[in-house]
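Notes follow the structure.
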Amino acid sequence: MNLVTTVITIAILLSAVLALVSFWLPQMNPDHEKLSPYECGFDPLGSARLPFSLRFFLVAILFLLFDLEIALLLPLPWGDQLDTPLLTFLWASLVLVLLTLGLVYEWIQGGLEWAE
């Protein structure tokens with residue numbers, strides 16, 4: 001048997017064993033809380049349309065923006081291999097300056113104040 005056949009056989013056997021074990025191991029004795037239609041902690045008898053704070057969305061959007069910034073700047077160390085590394089550094093600096101200005105604007109407007 002060659003190496004590829006051995007690896008494929010082991011992968012298939014391990015997958016089958018894990019799939020069978022996952023059917024046998026879970027305990028199937030749900031309690032009253034698990035059988036209730038709502039598991040999120042809200043009162044199931046009240047309205048389903050509860051007001052949600054807009055500040056949570058603001059924090060989530062800010063997190064996504066800065067996470068995207070990191071993803072955009074990850075290839076920057078390899079930018080010195082290009083024909084014009086100065087232009088690459090200029091674009092990266094422009095992205096950082098733009099995001100910093102946006103953060104300062106949010107800070108001045110009070111968007112980052114959690115408690116009033």
Measure across Ser22 and Ala19 and return the closest heavy-atom pair with its distance rounded to 0.1 Å.
-> OG-O, 2.7 Å
Say you draw a straight line from CG of Leu103 to CD of Glu69; how long is it, rounded to the nearest 0.5 Å?
-> 9.5 Å
Measure the CD1-CD distance between Ile61 and Glu106 for me, rounded to the nearest 0.5 Å.
-> 9.0 Å
If you round to the nearest 0.5 Å, how far is CD1 of Ile70 from CG of Leu65?
-> 11.5 Å
Does some side-chain heavy atom of Pro85 sit less than 4.5 Å from a side-chain heavy atom of Phe89?
-> no
Could you list the residues that satisfy side-chain hydrogen bond (donor to acceptor under 3.5 Å, both in side chains) with Thr5, not counting sequence neighbours?
-> Asn2
Spell out, yes or no, whether Leu25 and Val17 are grouped together once hydrophobic residues are joined by side-chain heavy atoms under 4.5 Å, including indirect joins.
-> yes
Can you sort out the partners of Thr6 under side-chain contact (heavy atoms from CB on, under 4.5 Å), two or more places apart, ordered by chain and number?
-> Met1, Ile10
Treating Ile, Leu, Val, Met, Phe, Trp and Tyr as nodes and any side-chain heavy-atom pair under 4.5 angstrom as an edge, say whether Leu76 and Leu90 lie in one connected cluster.
-> no
Leu96 vs Leu73, side chain to side chain contact (heavy atoms under 4.5 Å, CB included): CA-CA, chis, key distance, verdict | CA-CA 9 Å; Leu96 284 174; Leu73 295 178; 3.5 Å; yes
Determine whether more than 12 heavy atoms belonging to other residues, nucleotides or ligands lie under 6.0 Å from atom CG of Leu86.
-> no
Distance col, row Leu98:CG vs Ser93:OG, nearest 0.5 angstrom, shows 12.5 Å
From the options Leu13, Val7, Ile12, select the one residue that forms a side chain to side chain contact (heavy atoms under 4.5 Å, CB included) with Thr9.
-> Leu13
